[in-house]
Every structure is written in structure tokens, then in C-alpha cells.
Visitor: 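If you scroll down you'll find the structure; I have some questions about it.
Proteins come first, then strands; the chains are lettered A, B, ... in the order of their sequence lines, and each starts at number 1.
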Amino acid sequence: MTGINDFVVKFANVNGSGSASANGFFAKALFRMGLTVSPKNIFPSNIQGLPTWFEVRVNDKGYGGRRDGVDLFVAMNPQSYEQDIEEVVPGGYVLYDSTMERFFGRDDITILGIPIARMCAYAYEDPRQRQLFKNVMYLGALAALLDMDAEVVELVIRQKLGGKEKLFEANLKALHMGRDYAHANFECPLPVRVQSVPDAPDRIMMSGNDAAGLGCIYAGATGAAWYPITPSTSLAEAFEGYMLKLRGDGEGAYRGAVVQAEDELAAIGIAVGAGWNGARSFTATSGPGISLMGEFIGLAYFAEVPVVIFDIQRGGPSTGMPTRTQQSDVLACAYASHGDTRHVMLIPNDPRECFEFAAQAFDLAERLQTPVFVLSDLDIGMNDWPIEPLSWDDTRSFDRGKVLDAAALEDVERFGRYLDVDGDGIPYRTIPGTHATKGAYFTRGSSHDAYAGYTEDGQINVENMQRLTRKFDGALDLVPKPEEHRRGSGGDAGLIYFGSTHAAVQEALDQLEAQGFAMNALRLRAFPFTQEVLKFAEEHERVFVLEQNRDAQMRTLLMAEAGIPGEKLVPLLNFDGMPLTATFISDALKTALEVEADGDKPAFRIV
Amino acid sequence: MTYMTKPSVRHPALRQNDLGLTRRDYEGVISTLCAGCGHDSVTAAIIEACFELSLPAHRLAKLSGIGCSSKTTNYFLNRSHGFNSVHGRMAAIATGANLANRDLVYLGVSGDGDTASIGLGQFCHAVRRQVNMVYIVENNGTYGLTKGQFSATNDRESRSKKGKDNLFEAIDLCAMAIQLGAGFVARGFSGDREQLVPLIKAAINYDGFALLDIISPCVTFNNHVASTKSYDYIRDHSEAVGGLDFVPPEAEIEVDYEEGASTSITLHDGSKLELSKLSDGYDPRDGHGAIDVIRRQYEQGNVVTGLLYVREDVDDLHARLNTPSQALNALPESDLCPGQVALEAINETMR
Ligand SMILES: Cc1ncc(C[n+]2csc(CCOP(=O)(O)OP(=O)(O)O)c2C)c(N)n1
Ligand code: SF4
Ligand SMILES: [Mg+2]
């Protein structure tokens, strides 16, 4: 049981009941009070009627990961009472709607009943309002129980409602009814409560998909084609929203085109067509979409067309767990499409990197003339994260890569689209319509020579494929370097991880260090793997590879592409679909270390 | 083998167009299709139409899928960029390319397998999105490149060269396109260049989605007696709905059209479509009527050709998406990246 500024509140609701906005107010108000909050939506693949949860971990130590155990359960869904109650830690609390009284069968927790439905029925006429304001009413009670800053809560609601005064008044009424009931009937505040953090660092709350959509705007993307699929949908929608806000041309038009395609085959095809024709373009999808896009991804790789693909990973295989998070498309993306293909991947760990990597992905795609993946996941993409405010360097300019304009073409004697003029494997390209007589070429997915002509000459094809490898190797100088976390002198065991597990990993490393296990860690941020990755592996006798999939896909990639021996790489896997907790990671690492220490493998010196 | 370019010797006697270019300047590499393949005649008609229109070739992009027909984009307009994509997906490539730069002419070439089977979905959606392009289907009722399997435009009562009966109904791409809202729908025959060239010219000048379904016999796999896509069959069974003359903007109308029997349609750029000798009051602006005629003639074993349907005013995809008049691929960075000040304002809404 934890206390001030260190607890977990979890809401159980029925999906489609309008709880999302009240729960959002709750998280936002705590965030405004200077606390680190990491809200997680745990939702069903369904529109109305099934259980949905919203979990908010609150602390003032900057830990953004999940934590096990619930201190206060706002149990608003009788369907899930039984399982919800089990998650409450001894000494914890349950707030529930006691209009229908209920016996919960646990005497180690405190049950707080508020007859919310009855109160709402008295206060509101309209059935819709009766439903909606139930949510605001429990928010009022929570604010009193947790000692939240009432002014902050009200301001959050007011701002969200954007000047709809009448609606705000109605919300306020519900909020106060909940608050007053709590004050009159419970001992407020509870030992579990909050205190404002005065000098909290400047943070914003944003989801990864929102940030990535905005990153595409900043990158100058003008073409987006997509097909709806959880959890990527909100990325394309964010792009469109920002385009309407930021890209008006002052004459009623918008500088960009968004097409909701008929399927993912068309979505990637449209993006490739636009990329070929000189517009920065992208598609956003999730695992099933990546499977469908395979053929076109291979074409873009082989014909060397720049395009950016966001894969917001969810639980696979097949339809899998569409509303749960995983990191299980690593290999599917790294080698997407038949034949020998290999793709650059950027791997963000939070919304801020989603923004940055989105912008960088377009530079890389055009510099390297190839598809570039941004490998995000449901946890980063769809949940709000507290992050440093976004920033943009106004002196930065797009890297459009090697494109010949009309003037440059004048000086070219014979243009060869796939001619390796500079020896870096990257040829020059031309955009259709540039020059009346020069620079036209025939793009094809069939084997071709340096002048884009069809060839069945095996040797020419070998050379072309080797050039593509050279080009890919050049990506090593361009992709973001891994982030290293050195803790003292390190030791014989290190940890490699990537993506959304970052927050939990940092906390786990703290936990381990406090227990005397100081471990070095390296966060991968891109594929291909740069020298630092290999060096890190060489420096440690054993390297744990933490990932959210069953088959240790990143480990496989590290073995195949960085040449790190498999004996060295110990898989640390979780694929239940939930964002990881620090304790899961530190326990797993500790157990692994102890097992290794007992076994016949060389014992580990833990510093 | 690499590709062969035709020798570009300029013959002084070759006629020049308004750009001072000859027909040769509109050619591509030498075709490797079977001698007598209908697709080569379509290639020739495209070259002729572009030459006569004095089209700057580099302002046209050629797009295709996979098949014998899709290869042909390499056989014309060497000065144009071409994109021979993947099987059945030319429509998506064309849609994306068109979005990137609205100022070019997009000429797609596909086959009946490429369009009516694997690419049927993309075809339908390009039509209903009104992508401003010319979509040519070189329709031979068979999969030429994979050696003669039935395609989805093969007629039910037709029989393969090896004697196999086609068990399934045929898809009529023209009727389908009309139903889906295409702006311009025509059917031609590779063996009738006189009819075909004006149709291509009109389609190129049309602002909106223009379908040209061109019956283009496959001499190797589908030109036998029991085929309904053979040269002989089409010659005997084609029924033109009328004649079409394409009159470029500001050109004089030279022919006297018979009162009542002719219809004139003016396109966006001022060019005119002069329709003459229309059969039985055929009105190409009437979609229901067009579908009715297509179906009734089909029941009698006939293939209607000519300009079947045209809508005078359509909003293309750009108009619907409200894109600027300037090509998206030409917008400067300053028009696209909102910069730090705007970002700070966005940050503020998230605090
Ligand atoms: C995904 C995929 N499946 C199958 C093929 C093999 N294939 C190549 S061309 C073709 C059919 C072409 O028929 P059509 O479009 O009618 O062109 P034609 O050769 O008759 O002109 C097929 C099935 C392919 N290239 N790609
Ligand atoms: S196989 Fe048929 S379609 Fe292909 S080139 Fe030969 S004749 Fe033409
Ligand atoms: Mg065919």
C-alpha cells in the first residue's frame, strides 16, 4: 500500500458509456499538478457494451511505466467486479456505484459506495445526461478523496469544453455533487492522495500517433494514404487534422492530400506512386496491413522509391489481439516482401521520438530512395504520455536526396537511373515532367540495368543487388544511434531493449541498482545496427534482449545482422499484450541472473 | 539481353507537329510482343494521338501493371517517365502520382487480367474517386503473359484454344465504369485505328477518369474460331454507336455534320467532341441508356464500340480533396513546415 504521490488508480467502465472524457480529465488534472502520470487505455475490440479499463499510475519520481497492483479501483462496471476486486492491493480502496448495493467479499480493503445512478437520476432529466454525468460525479468524489486541486480540475474541464458555458455548468454540478457526497460520507482525503509538485519540469501530454502525424506535417509530407486499422488509425487522422489546421493556403485549399484507400494494398500503392512522383508520402498501418503491403514494399525497395511506412504494432499473429500492444512485427518489417530485401527501421520509445523519427524518416527515405519503417506500437501510439515539449529547429531543411532538376540534367550526358555515380550505391533520380528530352526512365520491378532497361543478364542483376546492399550499409551513418545507459562500471551482464518498454526499463534498472545489481543497458533506436550495438555486446559476457513477442525477433535480427553470437543473447520475453511493469523486468532479470549464477555457465559478477 | 532503342535517324520527309517533333519522337523501344498482337496496334494509335495532339511527352507519365499489355508503356513515348508496377495495382500508382502533380497527363495501360481480376478493386475505386487519367485496358479475354488462361472479360459462351469452355459470366468494364461514375467511357478495337485515335485524343483531353476498353486480340492464345475476342469475331460483331471527331481548342470544325444526327460536347480546355451518325438517337450523356444498349447488344452477341458515355462536368479527385492549384510536389518547404512558433502553440494546448 503506497501513499502520497505514489499510487495506481484504475477505472473499470462499460465501453461506449462516455467515461473516456471524465477519465481523461482525471489524468490531465494530476498531470497539471506536476505529477508523472501514465494513463493506459485497456480497451476491447468492440464499440459498445464490453468492459474497458483506464489505468493511471501516479508518482513524483518521473517513472512513466506501469506498476502492478491497484490502490484505488473505480469500479463502474458490474460485469467485471469480480476480476477488478482481485487487483486491489491489501489496504486499498474500491469506489463503486452503490445504487445497487453489493458485497465484495474482501475485508482487507475499504469499500466506498456512492449511489451515483440514483443521484444522477434525481439531478438530470435527459437519459443521455444521466449516463454521462455519472462519470463526472465519480470524478468529483475522486478529487475529494485524493485531495486534488479543485481549481485545476475545473479549469481542465472548462478548457476541454472550449467555451460551451452551459455544458460546463452542467459538468460542474455533477462534479460538485460527487465531491460533496464524498466529503459528507467518507474521511477525505484518503492516505492515498496527491500533493502538487511545485517545480515539476515542463511537460506536455501527447499520444505517439498524434505526435507522428504532426511529425509528418513538419517533414513536409503531402501525400497520405491509409486504411483504417487499430491502433494506427489515429495517426492518419492526426495528420489530416493538423493539415486542416496548419496547411491552409489562404484560398480555401489545403496543402496535402489524404486518401482513405480501399485497402492496404492501395494505400501503399498510392503512397509509392506519390513518392515516385516527387511528393513526400506515407502510409500508416498495423501488422495485418504490413502483410498485405508486402508486394509493393518489395517494388519500392527494388525500384528505389522513397516512401515512409508507420507500423503501429499490435498483438499478432493474424487478427491477434487488436487492442493490445506488442513488438512482434520486427522481422516482418525488417525483411518485408519476397526475395532479398532489407529495410531501414526507426524505433521510437515515446511520442517525442515519434515526432522526431517521423520527420527523420522522410529524409532517410529520400536520401536512400527506399521504404523506411517507423516501428511504433499501440502503447506509444494510442496512450497519452508525459513528454518534453516538442521542438523544431527552424534552420533545419529537408534532405531531398539526389534529385536532378532540369538544369542539372542539362549537364548530364547520359542519364542512368541506377548508375552508381558516387560509389555509395545511391543513384540519382528524376521526377516526371522535369525536362523535355532528358532524364526520363522506365521504372520497373523486373531486373534492370544501370539505365533502367530490362535485363535478364544474371551478372548485371547481381551487381545491382550488391549496390542495394551498399546503399543499405550507407544507412549506418544516417540512422539514429542507440541510447546507452551506463551504470557505473557495468558488469558481465547487459540489457538491450527498444521502443515503449523504455520507461519501465529505466525504473527496473533503478530497482536493480538499489538491490546491488547495477546493469548497463542499450536502447536500440534503429535498424541497421550501428557499431555501438556490437561494441556493447562485446563488452558484456551476457546480454539480455527484452522484447514483447514470443519468438525473440530482435534477438534473431541481432544475431543475423550484427553477428552477435546467439549464446550471448538471452531472450527476455513478454507477449501478454500489456505494457510492461518495472517489477516484471527487474524480477525477470534478477531471476535470470541468479539462475545463470547457479548453473554451469560462467558465473556473473554483478557490480 | 538488354533493351533495344530504335535508331533515331531523322528523316527529312517526316511530318512535324506543332512542337516540331515527328512521330519518331513519340516512339519507345522496339516491341517484343508476338507479331500481330493487338497491343502493338494500340501502341501505334497512342503514338499517333500524342503526335497529333502535339503533346510534350515529358508532361505525360505512363503507368502500368503486369502483363503483355502492361509492357507496352515501354514501346511508346520514350521521353516520358514510365512506371511498370505490380500486377493489378496500376490504379493505385496512378492515383498517388496524380496527387503528387496534378499538372501532368497520366496514361495508364492495363490488361483485362490486370484490371478485371487481380486489380478489379483498385480499378473500381480509381473510377469512383474520379482520378484524372486515361485508363486503357487492352482487352484480349485472356492472360497473354501466363499463356492463355481465361480472364474475367472472357465471354461465357467462348471456348479456349485448347477446347475448354468458359463457365463464368464476363465482366463488362464499360458498363461497370458507367455505373461507378466514370466521366468518360469508350470502347475501341485495336484493328480500327480510325475510330481509336480520336477516342484516345478525347480521353487525354478529358478532365476526369477516362476509360478506354480496347478489344485487342491475342494472336497466340485467343484468336481462334471459338473465341469472341478474335479479330474475325470483333470485325463481324462490332456495332459503333456513332462516329467521333476530336476537335482541338480553337481549331475550325471542318466537317459538316448532318442536322440532328450529331452532338457536340465541349470539354474543359475548349476542345470539342463531335459525335456524328449516332445510332437510333443514342445519347452518350445518358448513362442508363448506354448500359441498356451495351447489354442488349451483348445479348445478341455484339460488341458496342465508340464513345459510350461522357459527363460534361465532373469534379476530379483534386477538386474533391480540395488541394491547391499548384502541384503538391512543387510546394516549397516554407509552405509545408509550420516551424517552431506554430509548434510552441501546439505544445501549449497539450500542457
Ligand atoms: C501477384 C502476381 N500474380 C501473378 C502474376 C503472374 N501474371 C503475370 S501477367 C498475368 C496476367 C496478365 O493478363 P492481362 O492483364 O490480361 O495481360 P495480357 O498479358 O493478356 O496483355 C499474370 C497472372 C504476377 N505477375 N503477379
Ligand atoms: S501472348 Fe498474346 S497478348 Fe501476349 S504478346 Fe503474344 S499475342 Fe500479345
Ligand atoms: Mg489479357
Side-chain angles (χ1 to χ4, degrees), chain A residues 204-206 214 217-218 220 222-223 225 246-247 249 251-259 261-263 265-266 269-279 281 295-296 299 389-392 394 397-398 430-437 440-446 449 453-457, chain B residues 1-3 29 56-59 61-63 66 73-74 77-87 89 91-101 103-104 121-122 124-125 129 317-318 321-326 328-331 333 335-340 342-344 346-347 350-351:
Chain A
I204 62 168
M205 282 276 263
M206 193 176 200
L214 185 60
I217 292 282
Y218 273 73
T222 50
L246 302 167
R247 289 263 194 85
D249 72 345
E251 287 162 28
Y254 299 95
R255 297 186 180 106
V258 182
V259 178
E262 58 271 31
D263 54 33
L265 284 80
I270 292 169
V272 168
W276 173 78
N277 209 5
S281 59
E295 190 183 17
F296 256 131
L299 173 70
L390 303 177
S391 57
W392 185 260
D394 283 331
S397 60
F398 304 157
T430 54
I431 309 300
T434 301
H435 192 287
T437 53
Y441 69 97
F442 198 72
T443 311
R444 54 171 92 244
S446 46
D449 61 22
Y454 179 66
T455 179
E456 292 177 2
D457 183 324
Chain B
M1 186 202 79
T2 55
Y3 69 113
V29 306
H58 73 295
R59 304 300 294 170
K62 312 173 288 183
L63 313 146
I66 297 289
T73 44
N74 206 15
L77 270 59
N78 243 349
R79 293 179 179 183
S80 304
H81 276 68
F83 198 156
N84 181 210
S85 65
V86 285
H87 194 26
R89 316 290 170 211
I93 290 290
T95 304
N98 181 292
L99 286 175
N101 183 358
D103 295 337
L104 304 188
Q122 296 207 343
C124 291
H125 289 278
R129 287 195 188 105
L317 180 59
H318 278 278
L321 293 182
N322 207 7
T323 61
S325 51
Q326 201 183 350
L328 291 177
N329 72 355
L331 293 173
E333 237 176 284
D335 275 352
L336 297 175
C337 180
Q340 173 64 20
L343 194 54
E344 193 33 58
I346 293 168
N347 280 331
M350 315 249 177
R351 280 198 169 92

Visitor: Please walk me through it: do B:Leu317 and B:Thr323 pass side-chain contact (heavy atoms from CB on, under 4.5 Å)?
Guide: CA-CA 9 Å; B:Leu317 180 59; B:Thr323 61; over 6 Å; no

Visitor: Where do A:Arg255 and A:Asp249 land on the salt bridge (charged side-chain N to carboxylate O under 4.0 Å, His left out) test, with the steps shown first?
Guide: CA-CA 7 Å; A:Arg255 297 186 180 106; A:Asp249 72 345; 5.5 Å; no

Visitor: Kindly compute the distance separating NE2 (B:His81) from CG (B:Leu104), expressed to the nearest 0.5 Å.
Guide: 9.5 Å

Visitor: Less than 4.5 Å to any heavy atom of chain B: does that hold for the side chain of A:Ile217, its backbone, both, or neither?
Guide: both

Visitor: With respect to chain A, which residue among B:Asn347, B:Asn84, B:Asn329 yields the maximal number of heavy-atom pairs within a distance under 4.5 Å?
Guide: B:Asn347

Visitor: For B:Ser85, is it the side chain, the backbone, both, or neither that has a heavy atom closer than 4.5 Å to a heavy atom of chain A?
Guide: both

Visitor: What residues form a side chain to side chain donor-acceptor pair (under 3.5 Å) with B:Thr73, not counting sequence neighbours?
Guide: B:Ser64

Visitor: Quick one: does any side-chain atom of B:His87 pair with a main-chain N or O of B:Ile66 as donor and acceptor, under 3.5 Å?
Guide: yes

Visitor: Which bit of A:Ala271 comes within less than 4.5 Å of chain B, counting heavy atoms only: side chain, backbone, both or neither?
Guide: neither

Visitor: Counting only non-hydrogen atoms closer than 4.5 Å, does B:Pro56 touch chain A with its backbone (N, CA, C, O), its side chain (CB onward), both, or neither?
Guide: neither

Visitor: Quick check on B:Ala342 against chain A: is it the side chain, the backbone, both or neither that has a heavy atom closer than 4.5 Å?
Guide: both

Visitor: Among A:Phe398, A:Phe296, A:Tyr441, which has the most heavy-atom pairs under 4.5 Å with chain B?
Guide: A:Phe398

Visitor: Please name the pair of heavy atoms, one in B:Ala97 and one in A:Asn277, separated by the smallest distance, quoted to 0.1 Å.
Guide: O-ND2, 2.7 Å

Visitor: Please look at B:Leu343 and chain A and tell me whether the side chain, the backbone, both or neither of the residue comes under 4.5 angstrom of a heavy atom of that chain.
Guide: both

Visitor: So which residue, A:Ala279, A:Ala436, A:Ala266, ends up with the most heavy-atom pairs under 4.5 Å with chain B?
Guide: A:Ala436

Visitor: For A:Thr222, is it the side chain, the backbone, both or neither that has a heavy atom under 4.5 Å from a heavy atom of chain B?
Guide: both

Visitor: Counting only heavy atoms closer than 4.5 Å, note whether B:Ile346 contacts chain A via side chain, backbone, both or neither.
Guide: side chain

Visitor: Do you know which of A:Gly445, A:Ser446, A:Gly223, A:Ser391 has the most heavy-atom pairs under 4.5 Å to chain B?
Guide: A:Ser391

Visitor: Does A:Thr434 form a side-chain hydrogen bond (donor to acceptor under 3.5 Å, both in side chains) with B:His58? I'd like the steps, not just the answer.
Guide: CA-CA 7 Å; A:Thr434 301; B:His58 73 295; over 6 Å; no

Visitor: Going by salt bridge (Lys or Arg N to Asp or Glu O under 4.0 Å), name the residues that satisfy it together with B:Arg351, two or more places apart in sequence or in a different chain.
Guide: A:Asp202, B:Glu344, B:Glu348

Visitor: Given heavy-atom pairs under 4.5 angstrom as the criterion, report whether the side chain, backbone, both or neither of B:Leu328 touches chain A.
Guide: both

Visitor: Ignoring hydrogens and geometry beyond distance, is a side-chain donor-acceptor pair present between A:His435 and A:Thr430 at under 3.5 Å?
Guide: no

Visitor: Check each atom of A:Ala225 against the heavy atoms of chain B and say whether the ones under 4.5 Å are side chain, backbone, both or neither.
Guide: neither

Visitor: By a 4.5 Å heavy-atom criterion (distance strictly below it), what part of A:Leu214 contacts chain B: side chain, backbone, both, or neither?
Guide: side chain

Visitor: Considering only heavy atoms and a distance below 4.5 Å, find which of B:Arg89, B:Met350, B:His125 pairs most often with chain A.
Guide: B:Met350

Visitor: Please report the shortest heavy-atom distance between B:Arg59 and A:Gly433, naming the atom on each side.
Guide: NH1-O, 2.8 Å

Visitor: When you look at B:Asn98 and B:His318, which way does the side-chain hydrogen bond (donor to acceptor under 3.5 Å, both in side chains) test go after all the steps?
Guide: CA-CA 9 Å; B:Asn98 181 292; B:His318 278 278; 3.0 Å; yes

Visitor: Among B:Pro338, B:Ser80, B:Gly121, which residue forms the greatest number of heavy-atom pairs with chain A at distances under 4.5 Å?
Guide: B:Pro338

Visitor: Which bit of B:Leu77 comes within less than 4.5 Å of chain A, counting heavy atoms only: side chain, backbone, both or neither?
Guide: neither

Visitor: Give me the ring orientation class for B:Phe83 and A:Trp276: parallel if the planes are under 30° apart, tilted from 30 to 60°, perpendicular past 60°.
Guide: tilted

Visitor: Under 4.5 Å heavy-atom distance to chain B, tell me which part of A:Val259 shows up: side chain, backbone, both or neither.
Guide: side chain

